[in-house]
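A quick write-up on the structure given underneath.
For the numbers below, each heavy atom of this structure counts, side chains included, while hydrogens, waters and symmetry mates do not. By convention in this document, chain letters (A, B, ...) are assigned in the order of the sequence lines, proteins followed by strands, and residues within each chain are numbered from 1.
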Protein chains: 2
Amino acid sequence: MDIHAVARLAHVSIATVSRTINHIPTVNPKMAKRVWEAIRELDYFPNTQARALVSGRSRLLGLIVSEITNPFFPELIQGFEEVAVENGYEILIGSTNYDPERMKSCIRRMVERNAEGVAVMTFGIEQPLLDQLTDRNIPLVFVDVAPNKPGMSVLCVDYHHGIRQGVQHLAALGHRNIGFVTGPLRLHSAQSRLAAFKKALLECGIPVNDRFIIEGDHTMEGGMAAAEQILEQKNVPTAIMCSNDMLAIGVLHKLSRSGLQVPGDVSIIGFDDIHMAEMMIPSLTSIQMSRSDLARAAVSALRTHLEGSSPRREFTIDTHLVVRESTGFPRGTMNRLRKLSTRRADLPAAPRQ
Amino acid sequence: MDIHAVARLAHVSIATVSRTINHIPTVNPKMAKRVWEAIRELDYFPNTQARALVSGRSRLLGLIVSEITNPFFPELIQGFEEVAVENGYEILIGSTNYDPERMKSCIRRMVERNAEGVAVMTFGIEQPLLDQLTDRNIPLVFVDVAPNKPGMSVLCVDYHHGIRQGVQHLAALGHRNIGFVTGPLRLHSAQSRLAAFKKALLECGIPVNDRFIIEGDHTMEGGMAAAEQILEQKNVPTAIMCSNDMLAIGVLHKLSRSGLQVPGDVSIIGFDDIHMAEMMIPSLTSIQMSRSDLARAAVSALRTHLEGSSPRREFTIDTHLVVRESTGFPRGTMNRLRKLSTRRADLPAAPRQ
DNA sequence: CCGGGAGCAGTAAACCTTTACCGAAAATGT
DNA sequence: ACATTTTCGGTAAAGGTTTACTGCTCCCGG
């Protein structure tokens with residue numbers, strides 16, 4: 001069932017079979033036809049390991065994410081795979097579960113399996129580990145982590161734009177007490193989101209209240225815990241932004257459980273705009289960052305590294321607000337705002353209930 | 001950076017290096033130490049493709065699922081990977097998106113990359129495709145599909161138990177009009193769930209109303225569409241079971257949007273008990289099937305095939321009801337039932353408001 | 001009719017590892 | 001001290017493919 005069998009059946013040499021399979025144009029169409037027939041006849045599939053071994057090209061792209069059970073990542077993985085396959089690659093998925101030890105084993109797998117390039121979207125990689133990749137000239141793309149090293153691109157996410165939109169949206173509704181539930185703060189992306197939030201508050205002239213900034217962990221349980229922490233305080237913010245949608249869902253759940261209305265008592269904004277956000281009740285206002293743009297940019301960056309010695313490039317991914325039901329006027333200000341507002345069309349839908 | 005470099009540095013032959021790496025006991029500890037030091041020094045990683053090529057063992061297990069964006073599957077994948085890694089394997093994920101054409105390419109990848117075994121949890125595989133695997137003696141495990149062929153195990157899921165519990169639960173609450181939103185009916189699992197539902201209705205003496213059985217597609221959008229279809233009818237069932245949680249979430253969303261209370265007006269039961277089910281508002285009553293049991297059984301079945309010529313085995317996976325807030329008394333019967341009931345403790349929580 | 005070149009198929013080396021087999025050295029027994 | 005066994009490291013083949021190089025065939029011009 002190897003290439004020799006095909007060669008025998010087609011009465012050609014294995015070299016011709018190989019050339020046929022790889023669409024090398026110097027092969028005589030008549031022979032090619034014979035070869036393809038033999039391949040079909042035998043149901044022959046080339047052995048990927050042997051090909052990779054001799055050609056030095058594994059046609060494998062690595063993707064290291066935080067955790068596969070956070071729906072954001074499957075949505076990203078799907079896009080990444082799609083683009084990879086379009087370009088003749090397959091993907092190798094690694095998930096760190098936020099654990100540096102697991103990152104180590106992810107890197108190890110990427111190297112062992114000879115990934116030609118690796119995209120990383122979780123926390124940053126420590127120098128000695130990083131070297132395992134760079135020493136082997138494996139190109140890297142980081143999403144939202146910025147180790148200033150040659151040979152790796154960085155995909156910047158413009159968190160600021162989307163988050164500012166979110167804060168402005170809340171401010172326009174009349175919110176002045178806005179909380180924020182962060183992700184794990186050793187994640188650069190979590191840091192950036194928090195920073196963007198603070199900056200946006202300043203821009204809108206809203207004071208930053210550190211007691212309303214809670215460190216979470218990008219899980220629903222973390223969101224519930226954060227909500228609990230917020231509820232323990234004597235006054236509760238009228239709006240809460242979250243570093244991702246999972247947190248927001250946890251917060252939403254916990255608040256509802258505690259008898260608070262969303263958005264009546266508290267407005268909530270998530271981040272990522274996972275598919276599920278739309279299905280929550282109330283549906284979740286969230287800040288979207290395009291998964292497909294991200295995936296496309298990541299693969300594209302890896303490809304430029306692989307194909308030429310093109311210079312390290314930076315891509316920027318946009319974010320923008322998607323308004324749904326989980327944001328509304330804070331209690332008591334609704335009527336006043338209604339009257340004051342001159343731009344009716346811009347008003348978000350009135351709070352449900 | 002290959003095995004020769006290590007051999008040179010450690011002043012041994014490549015054979016000794018190889019034996020050291022593979023923990024062959026005949027290697028002298030003193031030499032082994034030298035070798036390990038050299039490996040560490042050089043940061044050497046064995047080349048997986050070369051190993052696989054010569055040993056004939058790729059240490060790769062395939063897993064073909066329906067779609068990666070349905071949270072059930074990431075949860076399954078996580079378990080599968082964990083067990084696979086425990087056993088020294090890595091996994092290769094394929095997703096069909098319910099498309100036979102994609103199944104074809106999944107199989108192709110599995111063969112090309114020399115997966116040692118493949119677990120399939122989506123629809124069944126057509127005979128000619130199946131042959132591509134069986135001809136190469138690649139063991140298969142099907143979850144809930146039953147092609148009676150040697151060399152492959154089947155993991156049966158006892159849908160009946162969990163679904164009967166669900167129907168009994170609804171019946172005990174006083175529901176007599178129960179709808180069902182199916183999955184895509186060419187999926188054997190969707191068929192089985194529907195069959196189990198009908199059987200359970202019979203057992204509980206509840207009539208089957210075909211107009212309340214809607215074909216869905218295991219997505220949230222499908223759930224919304226199904227709900228819409230149900231709402232168009234002149235009388236709406238007081239409870240709806242769904243073939244998976246994504247459907248249930250869609251149904252729940254659509255019903256709420258239409259002003260119906262869950263569970264006040266309609267009770268909902270999902271299937272799979274994805275993590276998110278707990279977070280819905282109201283939280284979703286669902287039927288659980290253990291992902292980790294499933295993963296463990298799948299890997300275990302593949303291993304028995306790989307290691308010995310052990311006979312084809314059948315595993316059965318249990319399902320059971322998890323009661324949450326989305327099921328309650330149908331309107332009007334609550335008080336009557338309250339009075340009649342002798343087992344207060346068993347009563348589910350009163351419908352939220 | 002012959003020489004030269006184009007076109008194209010075949011041979012063999014190479015990729016990196018595992019492993020069967022061989023042989024040397026050490027250990028054991030007498 | 002010698003013979004026999006045990007231990008264990010080294011050599012080389014093998015695994016399936018790609019690809020550089022070789023060389024055959026055929027065609028064309030002179």
Please figure out whether A:Ala15 or B:Phe45 has its closest DNA chain C nucleotide nearer the 5' end.
A:Ala15
Roughly, in whole Å, what's the span from CD1 in B:Ile24 to P in C:dT17?
16 Å
Sidechain N-carboxylate O distance under 4.0 Å for A:Glu101, A:Lys104:
yes
Determine: side-chain N/O of B:Tyr44 to OP1/OP2 of C:dC16, distance under 4.0 Å, yes or no.
no
Roughly how many Å is it from CD in B:Glu112 to P in D:dG16, rounded to a whole number?
16 Å
Does a nitrogen or oxygen in the side chain of B:Ser13 sit under 4.0 Å from OP1 or OP2 of D:dT11?
no
Taking only the side-chain heavy atoms of B:Asn47 (C-beta and beyond), determine which of C:dT18, C:dC16, D:dT19 contains the nearest atom.
C:dC16
Between B:Pro25 and B:Arg51, name the one whose nearest nucleotide on DNA chain D is closer to the 5' end.
B:Pro25
To the side chain of B:Ile3, which of D:dT17, C:dT19, C:dT17 is closest?
C:dT17
Check: A:Met121 and A:Phe72 side chains under 4.5 Å, non-hydrogen atoms:
yes
Would you check, one step at a time, whether the test side chain to side chain donor-acceptor pair (under 3.5 Å) holds for B:Ser66 with B:Thr96?
CA-CA 5 Å; B:Ser66 293; B:Thr96 64; 4.7 Å; no
Its dot-bracket string being built from Watson-Crick and G-U pairs below 3.5 Å, with | for another strand and [ ] for crossing, DNA chain C has the pattern ||||||||||||||||||||||||||||||
Atom CD1 of A:Ile14 and atom C1' of D:dG15 are separated, to the nearest Å, by 12 Å
Calculate the interatomic distance between A:Ile39 atom CD1 and D:dT17 atom P; express it in whole Å.
10 Å
Could you tell me which non-hydrogen atom of B:Glu112 sits nearest to which non-hydrogen atom of A:Pro46, and how far apart they are?
CG-O, 3.8 Å
Given the rule in the side chain to side chain contact (heavy atoms under 4.5 Å, CB included) test, do B:Val118 and B:Leu63 qualify, once you have shown the distances and angles that lead to the verdict?
CA-CA 6 Å; B:Val118 178; B:Leu63 175 60; over 6 Å; no
Whole-Å distance separating the CG atom of B:Leu53 from the C1' atom of D:dA14
9 Å
D:dT17 P sits how many Å from A:Arg57 CZ, rounded?
18 Å
May I ask you to verify whether the side chain of A:Arg19 and the base of C:dG10 hold a donor-acceptor pair under 3.5 Å?
yes
Between B:Thr26 and D:dC8, does any side-chain N or O lie under 4.0 Å from OP1 or OP2?
no
Between D:dG16, D:dA12, C:dC16, spot the one nearest the side chain of A:Asp2, thanks.
D:dG16
Does B:Ser55 place a side-chain N or O at less than 4.0 Å from the phosphate oxygens OP1/OP2 of C:dT18?
no
Looking only at side-chain N and O atoms, does A:Asn87 offer a donor or acceptor that is under 3.5 Å from a partner on A:Arg59?
no
B:His11 NE2 to D:dG10 C1': how many Å, rounded?
16 Å
Measuring to OP1 and OP2 of D:dT17, would you say a side-chain N or O of A:Ser18 lies under 4.0 angstrom away?
no
D:dT18, OP1 or OP2 - any side-chain N/O from A:Asn22 closer than 4.0 Å?
yes
Measure the distance from CD on B:Gln49 to P on C:dT18 and round it to the nearest whole Å.
13 Å
What nucleotide among D:dG16, D:dG9, C:dT18 has an atom nearest to a side-chain atom of B:Asn28?
D:dG9
Would A:Thr69 and B:His275 count as having a side-chain donor-acceptor pair, cut-off 3.5 Å?
no
From C-beta outward on A:Val12, which listed nucleotide comes closest to its side chain: C:dG10, C:dT17, C:dA14?
C:dG10
Does B:Arg108 make a cation-pi contact with A:Phe45, if we ask for NZ or CZ under 6.0 Å from the ring centre and within 45° of the axis?
yes
